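Contents: one structure, followed by commentary.
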Amino acid sequence: MLQGLLSNVDRDRPLIRVRFTSFAVATVLLPLTGLLVCLVTSLLYHYEDATYTHCQVSNYLPSISAAISRPPEIYIWRSCIGLHSAPRYLVAAAYFSFYRGRFAGRLLELLLSGVALLCSVAENTGLVLLTYVASTEAYKVHKYGFIVFIACSLLHMLITVRLWHVIQRHYVSPEEKTSFLWKTRLFLVNVGCCAAAAYFFRRHNKYCETGVYTLFAAFEYMVVFSNMAFHMTAFWDFGSAQVMVATPQEDKRF
């Protein structure tokens, strides 16, 4: 069972219990729904502005930065990420606690668990930064937030796949095997999409070809969607767990 790091089930009085599967689905649906709504809204109501490029060539899809930088999209995205970010920090702490239990006595894996925690926290912080500082407000800050998000996301995925490779070698739970396989596949998809997005972004800036920025935007979407799907694998990792909010019972003194 997954509880708060300092809680005691026998001593504390539960206020809220939520199955971790429901918690994971809700956490991922917030940015997914927000992004889809922002993309559709920008295409329907801000098409010319959202698809504009400095090269002034034909483009048919907005980048994510362009899709979330105008009202009401900016408010929708910020609301979804604001609600999404706090549970993500909780999940990062839960994974670290999980790894410490699994890798007790294995120094390398324990060190990697600590690095994975730092990467997860930095990834989420980068996402919050690029969300609340729009590219139209402070481009450099937004860009650095994006770089932190992408770099820490890739490193977190890589370390996670390494840790779960060790887990699936020593434990034969079907859920853990499924989780490892999907983590590996989604990591490879994410790396491939990152490489493709970087290629088309550089090609667009260098040659200003028609439709190239559209390909960049499409692969950028895939980067984000595969990232969300990777985090969704927590569905298998904590399938029987519960998230509990509790208050400690006061000691009775006579």
Side-chain angles (χ1 to χ4, degrees), residues 25-88 123-154 186 189-190 192-232:
V25 169
T27 301
V28 173
L29 281 180
L30 281 167
L32 175 61
T33 303
L35 179 57
L36 292 176
V37 170
C38 288
L39 289 172
V40 172
T41 304
S42 64
L43 286 170
L44 291 177
Y45 299 105
H46 305 126
Y47 181 80
E48 294 298 329
D49 290 336
T51 57
Y52 174 83
T53 70
H54 72 281
C55 291
Q56 298 184 9
V57 295
S58 297
N59 174 40
Y60 310 104
L61 288 175
S63 67
I64 293 176
S65 295
I68 64 173
S69 62
R70 296 169 181 82
E73 296 95 317
I74 191 170
Y75 305 123
I76 295 170
W77 181 245
R78 286 177 177 176
S79 298
C80 290
I81 294 302
L83 294 171
H84 161 85
S85 59
R88 279 284 302 277
E123 174 192 350
N124 196 35
T125 303
L127 177 60
V128 171
L129 180 62
L130 70 89
T131 294
Y132 284 91
V133 181
S135 59
T136 54
E137 297 172 342
Y139 177 75
K140 285 189 176 180
V141 176
H142 180 87
K143 183 178 82 170
Y144 292 142
F146 180 78
I147 292 172
V148 169
F149 168 72
I150 290 295
C152 292
S153 170
L154 289 171
L186 291 167
V189 169
N190 192 267
C193 290
C194 281
Y199 167 76
F200 287 118
F201 184 78
R202 183 176 180 277
R203 180 164 179 163
H204 165 76
N205 287 327
K206 187 173 183 179
Y207 300 111
C208 288
E209 298 169 301
T210 298
V212 171
Y213 199 78
T214 302
L215 292 173
F216 158 72
F219 278 105
E220 186 185 34
Y221 302 164
M222 292 301 298
V223 169
V224 174
F225 291 147
S226 59
N227 176 278
M228 294 178 186
F230 187 92
H231 290 293
M232 190 65 184

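Because the structure is predicted, anything quoted here is derived from the model rather than measured. Along the sequence shown, residues carry numbers from 1.
For the side-chain contact (heavy atoms from CB on, under 4.5 Å) criterion with Tyr47, the lone passing option out of Leu44, Leu43, Asp49 is Leu43.
In the model, Ser153 has a side-chain atom that pairs as donor or acceptor with a side-chain atom of Asn227 under 3.5 Å. A donor atom on one side chain and an acceptor atom on the other are found under 3.5 Å apart for Ser226 and Asn190. For the residue pair His46 / Thr41, no side-chain donor-acceptor distance below 3.5 Å is found, with atom types taken as modelled. For the residue pair Asn59 and Thr53, no side-chain donor N or O sits within less than 3.5 Å of a side-chain acceptor on the partner. Side chains of Tyr52 and Gln56: a donor-acceptor N/O pair is present below 3.5 angstrom, by distance only.
Rounded to the nearest 0.5 Å, atoms CG (Leu39) and CD1 (Ile64) are 6.5 Å apart. Note that CZ of Phe149 and CD of Glu123 are 5.0 Å apart. Values are rounded to the nearest 0.5 Å. Rounding to the nearest 0.5 Å gives a distance of 13.5 Å between OH of Tyr221 and SG of Cys193. For the atom pair OG1 of Thr131 and NE2 of His142, the computed distance is 8.0 Å after rounding to the nearest 0.5 Å.
A pairwise comparison of heavy atoms in Leu129 and Gly145 identifies CD2-CA, 3.7 Å as the closest pair.
In this structure a side-chain-to-backbone donor-acceptor pair under 3.5 Å is present from Asn124 to Ser85. Side chain of Thr214 to backbone of Tyr60: a donor-acceptor contact under 3.5 angstrom is found.
Aromatic ring centres of Phe200 and Phe219 lie closer together than 6.0 Å. The distance between the ring centers of His204 and His54 falls below 6.0 angstrom.
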Subject >> Thr27 vs His84, side-chain hydrogen bond (donor to acceptor under 3.5 Å, both in side chains): CA-CA, chis, key distance, verdict >> reply: CA-CA 6 Å; Thr27 301; His84 161 85; 5.6 Å; no
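Between Glu137 and Arg78, at least one side-chain N (NZ, or NE/NH1/NH2) sits under 4.0 Å from a carboxylate O, which counts as a salt bridge.
Around atom CE of Met232, more than 12 heavy atoms belonging to other residues, nucleotides or ligands sit under 6.0 Å away.
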